[in-house]
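Comments concern the structure below.
Both ligands and their constituent atoms are indexed starting at 1 by order of listing.
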Amino acid sequence: MNLKDLYIEFFESKGHKQIPSAPVVPENDASVLFNTAGMQPLIPYLMGQKHPYGTRLCDYQKCIRTNDLDSIGDTYHHTFFEMLGNWSLGDYFKEDAIKWSFEFITEKLNIPLEKFAVTVFGGNDLIPEDKEAIELWKSLGVKEERIAKTVEDNFWIAGETGPCGPDTEMFYFRSNDPVPDKFDPEDSRWVEIWNNVFMEYNKKVDGTIEELPNKNVDTGMGVERVTSILEGVNDNYMSSIWKDIIEKIEEFSPYTYEEKPESMRIIADHIRTATFIIADPAGIRPSNTDQGYILRRLIRRMI
Ligand code: SER
């Protein structure tokens, strides 16, 4: 069974309803040019509105992030990618979210604990360290040296304002090197694969934080990263998702992928992103404004 079906089936077995992926261009949200995460189309519901499918949702969402443009060319960043997600809208919270993530990772994806590590929110002036998440991970068997605390990287918000909260991120050691005992989130051999955000706050325009009407869970798992892990390759672009496009680029090029990996990754990434922008129901074409400008830049950069 492929990763997407495995994920949806797992969360359906935990009482979630699958919702369809929204288009890449947001339908009712002028604050962003593209959906950057699975939670973006769900913002009204995270803010308290009732969702017609209930309080437990899951999906895979087409996402576009242009803030990572300078990282494109490495083995694990993409401008367009798909994000698997499960949400609790005021239903379950930290304990179930972490328990189910762990169950999915170890029992469905069969990722060995030896190659697994997490980060948790370390606390700041406004919100304390997430001791509960630390204890939950430990109770599941994650060793202390595989739990790192950060502040900036463990607080998630889509933009400047809106629903937000501390998160716990899960990492996989994607390398043939021996796995170090102590986890260092800055070591790029540890690849982030899933994020659980405990979305209980709303950041207002004046910068202050208030509690949301509900305590929500918002998670996001990268399809391309996890597919590479399941297929045993240390480079996303070597997985089945990218194989055809890389082979086609090699056909047109005097070089092989091994000779020019960075350039070929950029071309492959930008072709895929441009294709999904053009195919979106919003009918975007290259131009000098908004989404059309991004599309034009991607095509130029690729050329
Ligand atoms: N919104 C969070 C993220 O994008 C979890 O999905 O990482």
Neighbouring residues of ligand 1, heavy-atom cut-off under 4.0 Å =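 Close residues (ligand 1, cut-off 4.0 Å): A37, M39, R65, M83, W156, N195, V197, D218, T219, G220.
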key: Trace of the side-chain contact (heavy atoms from CB on, under 4.5 Å) decision for M170 with S101   = CA-CA 9 Å; M170 288 154 260; S101 289; 3.8 Å; yes
inquiry  = Could you check, using the six-membered ring where one of them is a Trp, whether F198 and F93 have ring centers closer than 6.0 angstrom?
reply    =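 Close enough - the centres of the two rings lie under 6.0 Å apart.
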inquiry  = Strictly distance-based, threshold 3.5 Å: is any side-chain N or O of T161 a donor or acceptor partner for the main-chain N or O of V205?
reply    =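 No: the side chain of T161 does not pair with the backbone of V205.
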task = Evaluate the ring planes of Y53 and H51, with Trp represented by its six-membered ring, and classify them as parallel (under 30°), tilted (30 to 60°) or perpendicular (over 60°).
result = perpendicular
query = Should the pair Y237 and W242 be assigned to parallel (<30°), tilted (30 to 60°) or perpendicular (>60°) ring geometry?
reply =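 Ring orientation, 0 to 90° scale: tilted.
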ask   = Is the shortest distance from a Lys or Arg side-chain nitrogen in D68 or R65 to a carboxylate oxygen in the other one below 4.0 Å?
value =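 Here D68 does not pair with R65 in a salt bridge, since their nearest N and O are not under 4.0 Å apart.
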